[in-house]
Amino acid sequence: MRLLSGISVLFAVMVVAGCSSSGNQLNSAGKNVRFVDQQPGAECHYIGTASGEQSNWFSGQQVEGGNSLRGAANSLRNRAAEMGGNVIYNASTPGLSLVSSFVPVATKMSGQVYKCP
């Protein structure tokens with residue numbers, strides 16, 4: 001009986017810890033990267049594709065509940081800035097499903113990176 005209550009307490013602590021920390025933060029360069037809905041014009045230079053990820057508490061990177069998508073977007077913006085870009089077009093979240101809203105899985109986001117004037 002003690003073992004069962006000890007396991008229950010451990011599980012509760014893990015769940016609370018998984019919901020109590022922040023995810024990926026934007027760095028100063030990432031703050032200058034924006035998402036767009038329309039493909040950038042000819043004045044912009046295509047750099048490549050980038051992806052960002054927000055892990056879950058199973059893998060050690062914790063986020064506040066509901067902010068895994070924001071963490072993935074922040075990671076993507078930071079990576080786009082590292083590549084020299086300032087615009088992300090056609091951002092998508094492959095594998096995002098209804099199940100991932102309830103199960104703590106990693107959230108991934110990818111997009112096409114452009115450098116625009």
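By convention here, the first residue in the shown sequence is residue 1. Since the structure is predicted, the reported quantities are computational estimates derived from the model, not experimental observations.
- Among all heavy-atom pairs drawn from Asn24 and Gly71, the shortest one is ND2-O, 3.1 Å.
- Shown here for Ala81 and Gly30, the closest heavy-atom pair between the two residues is CB-N, 3.9 Å.
- Across Ala80 and Val33, no two heavy atoms sit closer than the pair CB-CG1, 4.0 Å.
- What you find for Arg79 and Gly52 is that their closest heavy atoms are NH1-CA, 3.6 Å.
- With contacts defined as side-chain heavy-atom distances shorter than 4.5 Å, the pair Thr93/Leu69 qualifies.
- Smallest separation of non-hydrogen atoms from Ala72 and Met109: CB-CB, 4.1 Å.
- The shortest distance between side-chain heavy atoms of Leu26 and Asn78 falls below 4.5 Å.
- With hydrogens and angles disregarded, a donor-acceptor distance shorter than 3.5 Å links the side chain of Arg77 to the backbone of Lys31.
- With contacts defined as side-chain heavy-atom distances shorter than 4.5 Å, the pair Gln39/Tyr46 does not qualify.
- Annotation for Gln38: atom CD does not count as buried by contact number, only 12 or fewer foreign heavy atoms lying within 6.0 Å.
- Within the 3.5 Å criterion, the main-chain N or O of Asn32 finds no donor-acceptor partner in the side chain of Asn86.
- Within the 4.5 Å cutoff, no side-chain heavy atoms of Ser68 are placed close to those of Ser55.
- Between Val87 and Pro40, the shortest heavy-atom distance links the atoms CG1-CG, 4.0 Å.
- Between Tyr114 and His45, the closest side-chain pair of non-hydrogen atoms is not below 4.5 Å.
- In this model, no donor atom of one side chain and acceptor atom of the other lie less than 3.5 Å apart for Ser110 and Ser51.
- Annotation: the span from Ser92 atom OG to Gln112 atom CD amounts to 9.0 Å, rounded to 0.5 Å.
- The closest donor-acceptor contact from the side chain of Asn90 to the backbone of Gly111 lies at 3.5 Å or more, if one exists at all.
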